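What follows is a single structure, written as structure tokens, with notes after it.
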Amino acid sequence: MEFVFDCGWCGGDNYFVGRQVGWWADKWEIPSDWHCRFCDGLNDTPDPPWTEA
């Protein structure tokens, strides 16, 4: 599943494909921190629930 996160520095949309964790659970794994594709600012992943892209 793909999720979208806003950059805390420039507001740009960054998309990540989550890896499903568990067999029947609706839980996804996303990197805990990431660099914005627009400004290269370091961001922390917010706590779920996340916005689906």
Side-chain angles (χ1 to χ4, degrees):
M1 184 172 293
E2 191 173 46
F3 299 97
V4 62
F5 298 102
D6 292 332
C7 175
W9 301 99
C10 71
D13 290 340
N14 292 267
Y15 297 88
F16 294 94
V17 175
R19 186 175 67 90
Q20 190 169 13
V21 178
W23 184 255
W24 294 103
D26 190 22
K27 295 184 179 184
W28 303 90
E29 184 177 84
I30 299 287
S32 61
D33 57 3
W34 44 275
H35 289 272
C36 177
R37 65 185 178 133
F38 300 106
C39 71
D40 202 37
L42 183 62
N43 292 273
D44 292 328
T45 301
D47 292 332
W50 299 319
T51 305
E52 293 182 30

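Throughout, numbering of the chain's residues begins at 1 and tracks the sequence. The structure presented is a predicted model; accordingly, all values stated were derived computationally and were not measured.
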Which value, rounded to the nearest 0.5 Å, describes the distance between [X] atom [atom1] and [Y] atom [atom2]?
X	Y	atom1	atom2	answer
Phe5	Trp34	CZ	CH2	7.5 Å
Cys7	Leu42	SG	CG	9.5 Å
Asp26	Gln20	CG	CD	7.0 Å
Asp33	Thr45	CG	OG1	7.0 Å

Closest non-hydrogen atom pair between [X] and [Y], with its separation:
X	Y	answer
Tyr15	Arg37	CE1-NH2, 4.0 Å
Gly18	Trp28	O-CE3, 3.6 Å
Cys36	Asn14	CA-OD1, 3.5 Å

Q | Path from Phe38 to Trp9 over hydrophobic side-chain contacts below 4.5 Å | A |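 No, it is not one cluster - the side chains of Phe38 and Trp9 are not joined through contacts under 4.5 Å.
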**Q.** Phe3 side chain near Glu52 side chain, heavy-atom distance below 4.5 Å
**A.**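 Answer yes - side chains close enough.
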Q: Determine yes or no for a side-chain-to-main-chain donor-acceptor pair under 3.5 angstrom, with Thr51 supplying the side chain and Val4 the backbone.
A: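 The answer is no, because no donor-acceptor pair under 3.5 Å joins these two groups.
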